[in-house]
Amino acid sequence: MARLDRLPPGQHLREDWPILHYGEVQDTVLPEWRFRITGLVDAEKTLTFDEFSALPRTEVLSDIHCVTSWSKFDNLWEGVSTSVIKDLAVIRPEARFVTIHAAGGFTTNLPVDEFFKEDCLFASRHNGEIMDIEHGYPLRLVAPALYFWKSAKWVTGVEFVAIDTPGFWERNGYHNHGDPWKEERYSR
Ligand SMILES: Nc1nc2c(c(=O)[nH]1)N[C@H]1C(S)=C(S)[C@@H](COP(=O)(O)O)O[C@H]1N2
Ligand SMILES: [Mo]
């Protein structure tokens with residue numbers, strides 16, 4: 001595929017990797033870290049870091065598209081596919097949306113269908129190396145089909161809900177959905 005065919009409208013390419021987030025970098029004490037599956041599931045579940053690390057792992061190559069207009073091609077992410085969540089909990093049919101929770105109170109929301117897309121994963125490594133804390137270690141979501149603000153850093157859990165609840169950036173002017181190919185950048 002030609003490089004430009006991969007660049008959504010209004011985006012430009014970058015080779016470096018900017019660090020962007022609201023508030024403080026979240027330093028995680030691994031023995032205290034937990035991953036919680038809550039909301040519309042048959043039984044809520046809590047995993048320790050060791051338990052999460054023992055889940056089947058996957059690699060995904062994808063492009064980053066940040067709403068501030070930079071894109072970065074060919075990121076090799078390694079981690080746990082979001083589909084593994086389905087093996088850990090029975091998700092009720094009423095669950096239409098997922099709220100991703102992150103350390104420090106950050107949240108973001110996406111439809112379950114997009115959350116379970118094949119290229120969507122919880123990553124802890126990038127381009128063959130352990131991810132920097134500034135980029136979300138020990139765990140970040142990577143949802144390549146949506147603008148990068150949906151890819152929450154320092155993830156601590158997922159909550160399945162029936163009614164869509166706008167997350168942090170979605171409450172602060174960003175589009176609720178965020179498809180880069182439709183330029184769903186800001187709400188108004
Ligand atoms: N926990 C948390 N995750 C976050 C954010 C944040 O403020 N807090 N910002 C998002 C935004 S707006 C962007 S552009 C990307 C940036 O990720 P990077 O710093 O690894 O490039 O993280 C996303 N994930
Ligand atoms: Mo962003």
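All ligand and atom numbering here is 1-based and tracks the order in the structure.
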So if I count the atoms of ligand 1 from 1 in the order they appear, which ones are less than 4.0 Å from some heavy atom of H135? 18 (P), 19 (O), 20 (O), 21 (O)
Report yes or no: is the cationic atom of K153 (NZ for Lys, CZ for Arg) under 6.0 Å from the centre of the six-membered ring of F106, at an angle within 45° of the ring normal? no
The closest protein heavy-atom partner of atom 16 (C) of ligand 1 is L20 O, 3.3 Å
For ligand 1, note which part of R140 has a heavy atom under 4.0 Å away: side chain, backbone, both or neither. side chain
Cation-aromatic face contact R185/Y174, 6.0 Å, 45 degrees: no
For A102, the ligand 1 atoms with a heavy-atom partner under 4.0 Å come out as 1 (N)
Just wondering, are more than 12 heavy atoms of other shown residues or ligands nearer than 6.0 Å to CZ in R96? no
Taking only Lys NZ, Arg NE, NH1 and NH2, and the carboxylate oxygens of Asp or Glu, determine whether D74 and R6 approach each other closer than 4.0 Å. yes
So which atom in I85 and which in I91 form the shortest heavy-atom distance, rounded to 0.1 Å? CG2-CD1, 4.5 Å
Tell me the protein heavy atom at minimum distance from atom 19 (O) of ligand 1, and give that distance in Å. K153 NZ, 2.5 Å
Which of the numbered atoms in ligand 1 are below 4.0 angstrom from a heavy atom of A152? 3 (N), 24 (N)
Below a 4.0 angstrom heavy-atom separation, can you tell me which part of W169, side chain or backbone, both or neither, approaches ligand 1? side chain
Return the CG to CG distance between D63 and L7, rounded to the nearest 0.5 Å. 9.0 Å
Rounding to 0.5 Å, atoms CH2 (W77) and CZ (F122) come to a distance of 13.5 Å
Return the residue, atom name and 0.1 Å-rounded distance of the protein heavy atom closest to atom 12 (S) of ligand 1. W149 CB, 3.3 Å
Check this for me, if you would: do R36 and E44 make a salt bridge, where the nitrogen-to-carboxylate-oxygen distance has to be below 4.0 angstrom? no
If the cut-off is 4.0 Å to any non-hydrogen atom of P18, which atoms of ligand 1 fall inside it? 18 (P), 19 (O), 21 (O)
Could you work out, for atom 2 (C) of ligand 1, the closest of W17, F148, F106, Y22 by heavy-atom distance? F106
For atom 24 (N) of ligand 1, state which one of A103, C66, S151 supplies the nearest heavy atom. S151
